[in-house]
Amino acid sequence: MRTLRITTFNINGIRSRLPALLDWLSREEPDIVCLQELKAADEFFPIEAIQAAGYGAVWHGQKAWNGVAILAKGTEPLLSRRGLPEDPNPEQSRYIEAVVEGVIVGCLYLPNGNPRPGPKFDYKLAWFRKLIEHAGDLLKAGHPVVLAGDYNVVPTDADIYNARSWQNDALLQPETRECYQRLLGQGWQDALGSLYPGQRIYTFWDYFRQHWQTNSGLRIDHLLLSPQLVERLVGGGVDLWVRDQPKASDHAPTWIELSI
DNA sequence: ATGCCCGAGTCGCTCGGA
């Protein structure tokens, strides 16, 4: 059976992590990659190296912060959108969307929202509401869609090593989780959650307090499937070995496989 | 209540991340 592997990866600086990115691409050969936190202006996106590795790409960068990209193996992603409609702050590059292999791929980097309360948390919720609106429009259009990225949402207390030590964090707040549940309520399926119900899956381990070494992780990178894709989901996982490399990102690549 | 560990920018520090 032929499958399509779609990976989301918060790379935390594409320039400082480029050798690691190329190494991971050659080893895992994902078909589609959603990258977040490029931390590079558009002119610094390393398109030559990525093309040399056999990938086409579209990107939406920004100096120093944020930045998202979609890579496609052996083909050029067909850009459908750069930036979220009615983005509360379009200066922050947090959304890009493209069609690959007949699937609409939305790549997102939701605002972190700390400290809370405050304007950053308000911005997180405002951005989330606009994402929900756009996601609803995508569903109405009836095409197969994957919405993948760093949602900065820990969906439940089962998605973190210890909820109590993060209870005041923006990632765990009831308002944040309500937004995520509202999104799922439109008809999206949390792919990894559905593959591994009740299991502890982590995609992020912060650099502090030896959290990787003690597997004190959070599940905040998610791939949401439109209803047409649910029956095509055949697998998923997290490339944990990437987080164990020297100078690793604090996130690990998180992926699904769809039958085609 | 805060720092911890990082990358990027401006350059030996701040800011932001989560």
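Note on naming: letters A, B, ... go to the chains in the order of the sequence lines (proteins, then strands), and numbering restarts at 1 for each one. Since this is a predicted model, take the numbers as computed values, not measurements.
- Protein atom CG of L110(A) is 12 Å distant from nucleotide atom P of dG17(B), rounded to whole Å.
- Atom C1' of dG17(B) sits at a distance of 14 Å from the matching atom of dG3(B), rounded to the whole Å.
- By the ring-ring contact (aromatic ring centres under 6.0 Å, His included) test, H60(A) is found to be paired with no residue, residues two or more places apart in sequence or in another chain being considered.
- Among the heavy atoms of the strands lying under 4.0 Å from N10(A) are primed sugar atoms or P, OP1, OP2 only; no base atom is included.
- Listed by chain and number, the residues in a ring-ring contact (aromatic ring centres under 6.0 Å, His included) with Y95(A) are H134(A) (sequence neighbours excluded).
- The list of salt bridge (Lys or Arg N to Asp or Glu O under 4.0 Å) pairs with a residue in residues 14-26 of chain A, not counting sequence neighbours, is empty.
- Distance I11(A) CD1 to dG17(B) P: 18 Å, rounded to the nearest Å.
- Note: CD (Q62(A)) to P (dG16(B)) measures 12 Å, nearest angstrom.
- Using a 4.0 Å heavy-atom criterion, one finds that K120(A) contacts the sugar-phosphate atoms exclusively.
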Legend entry - B/S/- contact track for nucleotides 3-10 of chain B, protein heavy atom under 4.0 Å: BBBSBSSS
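- Note on N152(A): only backbone sugar-phosphate atoms sit closer than 4.0 angstrom, heavy atoms only; bases stay farther off.
- Remark: the H222(A) side chain and the D190(A) side chain contain no N/O donor-acceptor pair separated by less than 3.5 Å.
- Listed by first and then second residue, the side chain to side chain donor-acceptor pair (under 3.5 Å) pairs involving residues 61-79 of chain A are Q62(A)-N66(A), N66(A)-R94(A) (not counting sequence neighbours).
- Put simply, CZ on R116(A) is 18 Å from C1' on dG16(B), counting in whole angstrom units.
- Listed by first then second residue, pairs satisfying side chain to side chain donor-acceptor pair (under 3.5 Å) with a partner in residues 229-241 of chain A read W24(A)-D239(A), E28(A)-W241(A), D239(A)-W255(A), not counting sequence neighbours.
- No side-chain donor-acceptor contact under 3.5 Å links D221(A) and T254(A).
- Taking atom C1' on both nucleotides, dC11(B) is separated from dC15(B) by 14 Å, rounded to a whole Å.
- On the C1' atoms, dC6(B) is 22 Å away from dA1(B), given to the nearest whole Å.
- When heavy atoms are screened at a 4.0 angstrom cut-off, D150(A) is found touching the sugar-phosphate backbone but no base atom.
- Taking atom P in both dT14(B) and dT10(B), one finds a spacing of 16 Å when rounded to whole Å.
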